[in-house]
Amino acid sequence: MKKTNNYIYLFSCCFLVQGSTQSIICDVQRKNYEIIPNTLFEILNNLTIERNLDILRKAYNDIEDLEVFDSYIQFLLDEEFIFFDDSLHDRFPSIDLSYDSPNIISNAIIEIGEDISLKLLSTNIELLDNIRCESIELRFYEDCFGKNYEDVLSIFNSTGIRSLRLIINSFDFPSDFFKILARKYKRIREVYICADTEIKEYDSPYFPVIQLAHKEVSSTFCGCISTFYFSPELKNFTESHHYNSCLHKKISIDKDGNIKNCPSMSQNFGNIKSTTLQEALDQEDFKKYWNLTKDKIEICKDCEFRYICTDCRAYTERTSSNNDGLDISKPLKCGYDPYTGKWDEWSENPIKQESIKFYDLSKLVKK
């Protein structure tokens, strides 16, 4: 590998995140990531001190170590994480990871059940629009989707809400159903179908249609941590550095009309029949978890995936709290161990059994 006087640069859209046993390179432009050994992390992290390839290679006297080093460089080139230049320069400034959003609420979850009237639902969607909420996840319980989806989705036609995610129960939909849905309701970005089998994605050119391994729509399926749900894109990566990756600027209405941070959480801040969303937002505890980043959560702070993973405060291992009384325990439904670099079935972990009983999640445990 003869590249005399060539200097190594990491593309600005590629970020390094170190974990306890391994690291990742996260490419927020192409929205992907690669796991790398911590030895390669150290090389790349020190490029601000030394970029010259020849000088870096001279540090390896052992032939085997030099071969490993060269294989690292080739891997980085093949994956387009790095490039070479013939001079030292600062022509490619780093991406600013500061984060600010003008929205009072950026995202919301609304559960659609039999007990919430269409009029009350419409009123609260209008309120979310007024406080510049950008995206809403709609969870349709029982067969509410088949009965009411046109009435519910038509409410959004006159709003500025940009993105809708639908979570529905499985039903016998016609072959052209999603095509019709996409043409009529252009704000839909994703549809998730509960089907009690495995996770898979349907072939849909209109928007992603994903089958979830859950029998039916329920608040208990919140908080599942897996690579399937990782989000290595710039907004999430940046926000995760400063705020909680799930609850920041989120508000929820459960199927009974209770206003919460998340439908799976026990604490509520009133009911939409008697409390406005703004009144709930103004309560002292409503935003208490908004600033809790993964860097402040036990075990997660040592994980290489912490800035592309979501968080869950509804279901945790219930082992730690901070001086403010906030639960800083690892999410219960995470089977990854950053100290070994291995994934296991979370529900089989003996350490988690007490919390599984506490949350009454025994039916989710695999037999």
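The figures that follow rest on heavy atoms only: side chains count, while hydrogens, waters and symmetry mates do not.
Checked against ring pair (Phe, Tyr, Trp, His ring centres under 6.0 Å), Tyr289 has no partners two or more places apart in sequence or in another chain. Legend: residues meeting side chain to side chain donor-acceptor pair (under 3.5 Å) with Arg165, ordered by chain and number and at least two apart, are Glu137, Glu190. Shown here are the ring pair (Phe, Tyr, Trp, His ring centres under 6.0 Å) partners of Phe11, two or more places apart in sequence or in another chain: Phe83. Checked against salt bridge (Lys or Arg N to Asp or Glu O under 4.0 Å), Lys330 has no partners two or more places apart in sequence or in another chain. Take Phe269 and apply the ring pair (Phe, Tyr, Trp, His ring centres under 6.0 Å) test, not counting sequence neighbours, and it matches Phe286. With sequence neighbours excluded, the residues forming a ring pair (Phe, Tyr, Trp, His ring centres under 6.0 Å) with Tyr315 are Tyr359, listed by chain and number.
No side-chain donor from either of Gln74 and Asp70 sits under 3.5 Å from a side-chain acceptor of the other. One side chain, Asp302 or Tyr339, offers a donor N or O that lies under 3.5 Å from an acceptor on the other. Of the N and O atoms on the side chains of Asp311 and Ser245, not one donor lies less than 3.5 Å from an acceptor on the other residue. Asn107 and Ser135 share no side-chain donor-acceptor pair at under 3.5 Å. A donor and an acceptor atom, one from each side chain of Gln278 and Asp282, are located under 3.5 Å apart. Side-chain contact check for Lys288 and Gln267: at least one donor-acceptor pair (N or O, by modelled atom type) lies under 3.5 Å. When only modelled atom types and interatomic distance are considered, Asn169 and Tyr141 share no side-chain donor-acceptor pair under 3.5 Å. Using modelled atom types and a 3.5 Å distance limit, the side chains of Glu345 and Ser347 yield a donor-acceptor pair.
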What verdict does the salt bridge (charged side-chain N to carboxylate O under 4.0 Å, His left out) test give for Arg30 and Glu80, after you've listed the backbone C-alpha separation in whole Å, the side-chain angles of each residue and the deciding distance to 0.1 Å?
CA-CA 11 Å; Arg30 290 182 292 187; Glu80 298 182 315; 3.0 Å; yes
Pair Asp254-Lys260, salt bridge (charged side-chain N to carboxylate O under 4.0 Å, His left out): steps then yes or no:
CA-CA 7 Å; Asp254 73 10; Lys260 300 180 176 181; 3.4 Å; yes
Side chain to side chain contact (heavy atoms under 4.5 Å, CB included) for Leu56 and Ile8? Distances and angles first, verdict last.
CA-CA 10 Å; Leu56 289 171; Ile8 304 174; 3.8 Å; yes
Would His241 and Tyr99 count as a ring pair (Phe, Tyr, Trp, His ring centres under 6.0 Å) here? Give the steps.
CA-CA 9 Å; His241 274 75; Tyr99 183 88; over 10 Å; no
Run the numbers on Arg306 and Asp295 for salt bridge (charged side-chain N to carboxylate O under 4.0 Å, His left out), then give the verdict.
CA-CA 8 Å; Arg306 60 190 177 274; Asp295 289 315; 3.0 Å; yes
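Looking only at distances, a side-chain donor or acceptor of Lys249 sits under 3.5 Å from a matching main-chain atom of Asn103. Judged by distance alone, the side chain of Lys179 and the main-chain N or O of Ser204 form no donor-acceptor pair under 3.5 Å. The backbone N or O of Gln29 sits less than 3.5 Å from a side-chain atom of Asp27, completing a donor-acceptor pair. Between the side chain of Lys352 and the backbone N or O of Cys334, at least one donor-acceptor pair lies under 3.5 Å. A distance-only check finds no donor-acceptor pair linking the side chain of Lys147 to the backbone of Asp143 [under 3.5 Å]. In this structure a side-chain-to-backbone donor-acceptor pair under 3.5 Å is present from Ser154 to Glu150. Side-chain N or O atoms of Arg313 include one that pairs as donor or acceptor with a backbone N or O of Asp327 at under 3.5 Å. No donor-acceptor pair closer than 3.5 Å links the side chain of Lys287 to the backbone N or O of Glu284.
Taking the ring centroids of Phe221 and His214, they lie under the 6.0 Å cut-off. Centroid-to-centroid, the aromatic rings of Phe84 and Tyr7 stay 6.0 Å apart or farther. Under the 6.0 Å cut-off for aromatic ring centres, Tyr336 and Trp343 qualify, their centroids lying closer than that. The aromatic ring centres of Phe178 and Phe173 sit less than 6.0 Å apart. Taking the six-membered ring for Trp, Phe140 and Tyr149 have ring centres at least 6.0 Å apart. Under the 6.0 Å cut-off for aromatic ring centres, Phe177 and Phe171 qualify, their centroids lying closer than that. Taking the six-membered ring for Trp and the full ring otherwise, the centers of Tyr185 and Phe156 sit at least 6.0 Å from each other.
For Arg162, the CZ atom counts as loosely surrounded, since its 6.0 Å shell holds 12 or fewer non-hydrogen atoms of other residues, nucleotides or ligands. Counting heavy atoms of neighbouring residues, nucleotides and ligands inside a 6.0 Å radius, atom CZ of Arg51 exceeds 12 of them.
A salt bridge is defined here as a Lys NZ or Arg NE, NH1 or NH2 lying under 4.0 Å from an Asp or Glu carboxylate O, and Lys31 with Glu233 fails to meet this definition.
Stacking of Arg57 on the aromatic ring of Phe69 is not recorded, the 6.0 Å distance cut-off and the 45° axial limit not both being met.
Between Ile259 and the choices Asn271, Leu277, Asn124, the side-chain contact (heavy atoms from CB on, under 4.5 Å) rule is met once, by Leu277.
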